Structure formats: C-alpha cells, structure tokens
Amino acid sequence: MIRFEQVAVTYPEASAPTLQDVTFTVPEGELCLVVGTTGAGKSTLLGCINGLVPHFSGGRLSGRVSVDGLDTATHPPRELADVVGVVGQDPLAGFVTDVVEDELAYGMEQLGVPPAVMRTRVEETLDLLGIADLRRRPLRELSGGQQQRVAIGSVLTAHPRVLVLDEPTSALDPTAAEEVLAAVTRLVHDLGVTVVVAEHRLERVAQFADLVAVVEEGRVRVGPPAATLADSPVAPPIVELARLAGWDPPPLSVRDGRRLAQPLRDRLEPRLPRPPSAPPADRRPQPTPLPPVLDARGVGVTYGPTVAVHDVDLTLRCGEVVALMGRNGSGKSSLMWALQGSGPRSHGRVLLRDPARGPDAAPVDPSTLKPAEARGWVGLVPQTPTDLLYLTTVRDECAQADRDAHAPAGTCHDLLETLSVGIDRDAHPRDLSEGQRLALVVAIQLTAAPRVVLLDEPTRGLDYRAKAALSALLRQLADEGRSVMVSTHDVEFVATCADRVVVMAEGEIVADGPTAEVIAASPAFAPQVAKVLAPQAWLTVEQVRAALDEGDR
Amino acid sequence: MGVAASRTTNPILLCLLVTVVGMVVAARRTDAPWAHGFRLYLTFGLVIITFRVVFRMFLEGQYGTHVLFRLPELPLPDAAAGIRIGGPVTLEGLLAAVYDGLRLAALVICVGAANVLADPKRLLRSMPGALYEVGTAITVALSLAPQLVESGRRVTRARRLRGEVGRRTQWFRHIAIPVMTDALDRSLLLAAAMDSRGYGRTVGLSAATRRLTAALVLGGLGGVCVGVYGTLDTTTPRALGLPMLAAGVAAAIGGLALGGRRIRRSRYRPPRWQWPDVAVACCGAVTAVGLGVAASVDPDALNPSVQPLVWPSLPTLPTLAILVGALAAVIAPPPRRSSGSSAA
C-alpha cells in the first residue's frame, strides 16, 4: 500500500539529509508504528507519505514514494486527499470550519462528493467514532479526546485507504487516549484501513501494532514489533523490563507480560522492599515531616458559570515532587495558576511560608504580591512554554532573565547549562527542540530562585530520554529544598519522579497520597510495570533493577 | 428597515422602528456567540444620540426662540466667525439634534440586529460558487480572530510569570511577537491541513479562463461600487450612476457564472431558501418601500419641523409599514435556524 524506495530527504540549509536510504513497504490493512527519539525524522517520514514533504515543506526528496500506486512526486497532497488522510499533532490547528458536522463534510466538499453520499458518510462516520452526540457542537468547545476523534473522522469521510496520525494521544489523558486508540484499531480491523502512527508513548500503542518502523539518525528499520522494539533506542517500560528479565522476544501487552512474569515475581518476592505506603527506599528517607512551603485552603476558581476548581485544600512541602493528575479539563491548570497568584482565584486563601526564615515569619499570599515578587516565591512553567519567549537568541533570553530577576549576570546561563548541555546560545528559541525549549524556560523561571516550582504538562512531545532528563531535573530541584509540582497525564513519568500524587476530577481533589498507593491502585493510572508485576507493588523498571542488583550482591 | 430609518426623522416612527427591531431580535435570537451583541448596538445607539446632542449644545449655531438655558460663551477671534462655542441652548436646536441622532442610532441598531440574527458562516455558505475561495478565506479569518484574542490573553498572562507588567513601551515586543509567531505557526499548520484535505484541487482548467473570471468579477465589483456611489451622490454626473451600476452588475454576474462552471466541488447541506425566509425578506422590503412611498407623498409627516415647533404627527402609511416588519418575528422559524434577512 505504501512503498518507500531508496528515499532520502534533505532540507535546504541542512548539512546532512534528514532521512536517507529508506526502503520499506507497508502492506494494506496494517498498523505501522513509527518510533524514534525527538528530531530523528519521524514527522518527515510521515510527511513523505502524502507528499507534504517535499511539496509543502520544501527540501529535496530523492528516490520514490508511492501510495496505492500513485507516485507522490507527480501527485501533490491535494490530489492524494482521497487516498491518504493526515491528522496532525494539534487537531485544533487543522480545523477549517467551526462545527463538527461541517468539519466532517469539508474534505468531501473539496473532492466533489455528491450531497446524498455526503449525508450518508457523515452519519456513518459519526457513529463509527462514537461522536454522534457532538454533531452540532462548536469544535473549540470539545475536549482533547473528542477533538482528536473529530479530526480523524474529518479525514475518514473522504474514505482514504491510508490514515497517517502524528502523535494522536500526546495531549490526552489515559482514558481519552484509549478512546482514540480503540477507534483507530477498529478502523484497521474492520475497514482494512492502513494506518501509520507516530507516537512517543509506546506503552499505549505498541500492543496494537503490526509493524514497527524505528527511525534512528535518518535511517529507518522496519520489522515485526517485538523483535524491532527489543533493541530500539526508545522502548516502552514493558520492553525495558523484558530486557532486564531476559525475555525474548519481549512481550508488548500487559497480558503477555503477566504470562511470562511469574518467575520474576518469585525472584522479587523476598525482596519486596517496603510496605506500599512508604516512599521509595532510595528517596531521602526523612523521619520528620517535610516543612510546608505552600498552604492552600478552600481554593476555588470560577469562570462565569463554570466552576473550574472547587474547594481545594493542598499543602506543598519542601523537597517533595508532587504529580497532579486528572482528566483533560479537570481544573489542573486553573489550580496551578491560582496557586501562583497570577491566575484568578474566587475563593479560599493561599499562604506561602519560607522555612528558611523560621516558623514565625509571616506567611505571604502570592496574589497580593507584584508579579516580579510572586515569581520569586512560585515559578510556573505554563503549558505552552514558548509564550514566555520573545527574543531572538537563547543568549538574549538568558540575559533578559538575569535582568528581570535582578540576578548576577550569567545566572540563567549557568542554570541552563546544568539543565541541558549543548544548547547553541546563538540559536533562535523557536528552533530548539521541544525538550531544549522547556529547559530554557525552566532556567528562566529558576533564575528568580522560586521556593515552589510548578510545571504545567511539561511532558508533551518529549521522548523517553528527555523525560528521564526532566525527571532527574525535578528530583534535583526537590533535593535543593524546593517544592515541585508537575501536572501530567503520563503515568510512567509520574512513577519515576513523583513522591506524592494528587488526582483531580471536576475541580476537586479526589485522591492525595504517596505515588505507589495512588497510582498502583487505579486501573487507569497504573504504570505498565505495576500491572505486569501486580500484586507486588513495583512501579518502575529502575526499582526492579535496583532490587535485583541488591539481591545479587 | 435600515433603509426606512434613513428616510425619516420623525421620533415616534423611529422609536417604533427600534422597538420592532428589538422585538424581532428578542424573539428569534440564537445562543450563538455573535447573538449576544444586540445590547452593545443599543448602547452604541444611545451614545450616538448623546454625542449628537452634546455637540449641538456646545458647538453648533443655535436658532429658534425657545431658549432653555445659556452656557458660558467662549469668545473666538474674528477669523472664526460663524463658529460659536457655548451660548444659548434652544429647544428647537436640541430637538433637531435628538431627531438626527435618533435616525443614525436607529440605522446602527438595524444593522446590528441583522448582525445579531444572521449567522455570518451561513451567509458565507449562501454565496455563489465562484466566490468559494473568498468565502473560505473569510471563514478562516473569522476563526482566526478568536484565536488571536486567545493567544493574546495567554501571552499576557505568561508575561506576568516573568514578572513584567506595566512596561507599555515594550508591549509590542513582549506581546505582539509571541502572538504573531503563534498565528504564523498556526496558519502554516492550517495550510498544510487544508492542502492534504484536497483544498484547491485543480480540475484541468486553463489559466486563461481563470484569469478571465477573476478580471470579470473584480471589474464588476469595482463597477458596482462606482455605480452605487454615482446613484447615491447627486453631485456626480448622472451618466456615471445607473449605467455604471448596471454594467458592474452585469460583469460581476458574468464572472460568477463563468467561475461557477469550473466548480467541481459539492456542498454539504446547502442552506435552502424557504418560504419563511422569503416572507421575512418581504416584511423588510415592505417597510422600506412603505416609507419610501410615504416620503414622496407626504414628506412633512416624516420630517417634522422644529421651526416652528410642532408635535410630530403619526402618519398612517409609514406606521403600518413598520408594523409589517414586526411580522418577521412571528414568521421566522424559532431559533436553531434563525432568520437571516429581517433587517436588510
């Protein structure tokens, strides 16, 4: 169905080709998963399939890409619209109209499908994706998972033979991601659509894949999932666990994993380190409770008639990493902004205490402070960190941050160096990779030396390596005595970095407790390792590895 | 109705007109975001009247004999003879100002009502096929506006996180640059999405035909503009008026027809022109024509004199004509599909 022959792509002004010597075939009705680190060329590979690369993006493509027998060299994307459907990372950015039904019909209008056929197809697609009740809703009001399904629906109505999805679940909470993936697998199984999907969160999709394409330094390796992932640079936790336990080929689903896991569970049984409620043994065992730095009581945020946050009590302590989880739209961002003091707060109080100043120092309410002072207490890295950047080079941004915070020149620069090595100081911030940009913004916010650091969804679009780096960074911040709170949908990330997990639903806190207790107990939030090794309370591959090493000694 | 409003300064008629328009709006308004603006238009109308009156009081020359009160007069040099600031305020002058303001306000409110009632998207969908590209561009632009507002708000909020507030001089650099780059990124994504969904598929049409269509449509629209100006403005030679208008319309229609032939697109559930729509349009037309006729038959009733002062009469024909407009409230189908053309 999709055939790449000796394909190489070179962008203008690039010293090396982004892709080279790519040859593979995806047969009809298969689900092909594209994996690779950030910047490895996944998006370029996807763009080649419908001709956006090079027709739209520029650059030079040599070799031959053909889809359903049509050569993309002679067929620009618009002529392939009835063969290939593409859904980008941010579905909202790709919507042309503003109502669900019109959006579903838009592609067909372009293709000149007769009105009667359009009606039937719109109805079919609404049912297929389970979005019939949304038909007249404005697109901007939908939740992330709904938007993603509408975006898939809007390309499906043209009846393409191939569907290309770029990180369809990266912004979604676990439940919404499952909805989307269920819809996609249904298309593959029932309708024989060929699907190519790029994804960072392999634990979600690996089990559905028929083929895996690993993009590594511009080269692409395609093969059956288990064998290919076994030695891929990025792999889901279950594959990491398999490498550790020596399972070959590695299992891809929790079910297969459990079948193989009995011997491992037996080996681990005597080494169960701790009652599940205690913090992980390798994290600063502290007999005394940590001193609180931020104390929120009865915090509420309302926007007109909508209640975003309702009566939330929360205490953040020094030296602690707290993960804030919950569905899209459950009030996580509103809570963070309210805690920082810049966002609206309709009820309750937020008090900040500096433990360094002793217990008697008067507490401060961040919303009464000037913005410049508030950020010295609480630093917030917003969901779109680029909003904070406006200068043309990394060097200028750092200098500006020093001036804003009245910090000695070079503070921000040094911070950035510890966070992320090798960022080109003369690069434009927009040209940095997702992870590097995040590091830059974190460095800018840390220049003001805040006691509390809040990060809103920093894990979007980060690969496993970048997430591990971020996790280490958060741990380092906490060890310096700061309090860190990070909102995320990524359970695997939470398992590796958080001491405490707070779960929000409908603006209220529904769970608050040590990581192991909260996420292992929840069916939606349990990480893969926990599912495989249940009922034993292991959360991450690292813990298992440490326990095994300890036992071997 | 807007047309009707411009024909009269009779305050009673104008008040009646605004009431009728308000009633139609109240009865047939939807929940859509654009439907909440009517109050804004009303306020705007009031502001217009106030401005008119205040300016009249202070600036314009007064006439008439019923002096209400005197404002301190500002002596001006002789060079500015004929201009007076302050001085006596007369009832006649004030009334004339109110009437004038009321007329303008009614006009604004009528246009506002049309805006409130009609879905701009639906209007675009009813456009002829050849204007499809323009329509898409406008749709995209319309959805861009809320996006810009949103990203502007986001960036402003984010600025506070860097502790920078109140430095107006650097506003452009701090707010506008992130917003613009954001908008650019978005439009690139949108363009890619539209391209891969088949926007602008060519169906083997010669470039010459395309150019001819464009020339006809643009030339035609230009002609229409000149023609309308010529007809309305009495100072331009007659020759430029109607004939130009006719030629413009003809060229535009020709272009549209030619362009329409090359459309290989189809429409999903195109809005249909049904009898309530026709009836509503007729109500509006009757009002306009009624007042037009009345204006030529009995101009005095429509423009009551302020010098000498008379209580404005309530002429029958125009009143009936305006009340016909109110029918639109009943005829138009209840919301969900709101009427589109009552206030043309």
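Numbered from 1 within each chain, the chains take letters A, B, ... in sequence-line order. On a predicted model such as this, the values are computed, not experimentally measured, just so you know.
- In this structure, the portion of A/L52 lying under 4.5 Å from any heavy atom of chain B is its side chain and not its backbone.
- Each of B/S151, B/S187, B/P178 has some count of heavy-atom pairs under 4.5 Å with chain A, and the biggest count is that of B/P178.
- Residues B/R197 and A/S154 meet the side-chain proximity criterion, which asks for heavy atoms closer than 4.5 Å.
- The structure places CD of A/E397 at 5.0 Å from CZ of B/R162, a figure rounded to the nearest 0.5 Å.
- Separating the CG atom in A/D387 from the OG1 atom in B/T181 is a distance of 9.0 Å, to the nearest 0.5 Å.
- The closest side-chain heavy-atom distance from B/R160 to A/W337 is not below 4.5 Å.
- Closest approach of B/L161 to A/L388, counting heavy atoms only: CB-CD2, 4.1 Å.
- Expressed to the nearest 0.5 Å, how far CZ of A/F56 lies from CE of B/M194 amounts to 10.5 Å.
- Here the side chains of B/D195 and A/H55 are not in contact, with every heavy-atom distance at 4.5 Å or above.
- The contact between A/A401 and chain B is made by backbone and side chain atoms together, counting heavy-atom distances below 4.5 Å.
- Using a 4.5 Å cut-off between heavy atoms, A/E373 does not touch chain B at all.
- Residue A/A158: no heavy atom, backbone or side chain, is found under 4.5 Å from chain B.
- Options A/V86, A/L391, A/I444 differ in how many heavy-atom pairs under 4.5 Å they form with chain B, and the most are formed by A/I444.
- The neighbour count for B/R153 CZ, taken as heavy atoms of other residues, nucleotides or ligands under 6.0 Å away, does not exceed 12.
- For chain B, the nearby part of A/V84 is the backbone; its heavy atoms alone come within less than 4.5 Å.
- The two atoms that bring A/N50 and B/S196 nearest to each other are ND2-CB, 3.0 Å, heavy atoms only.
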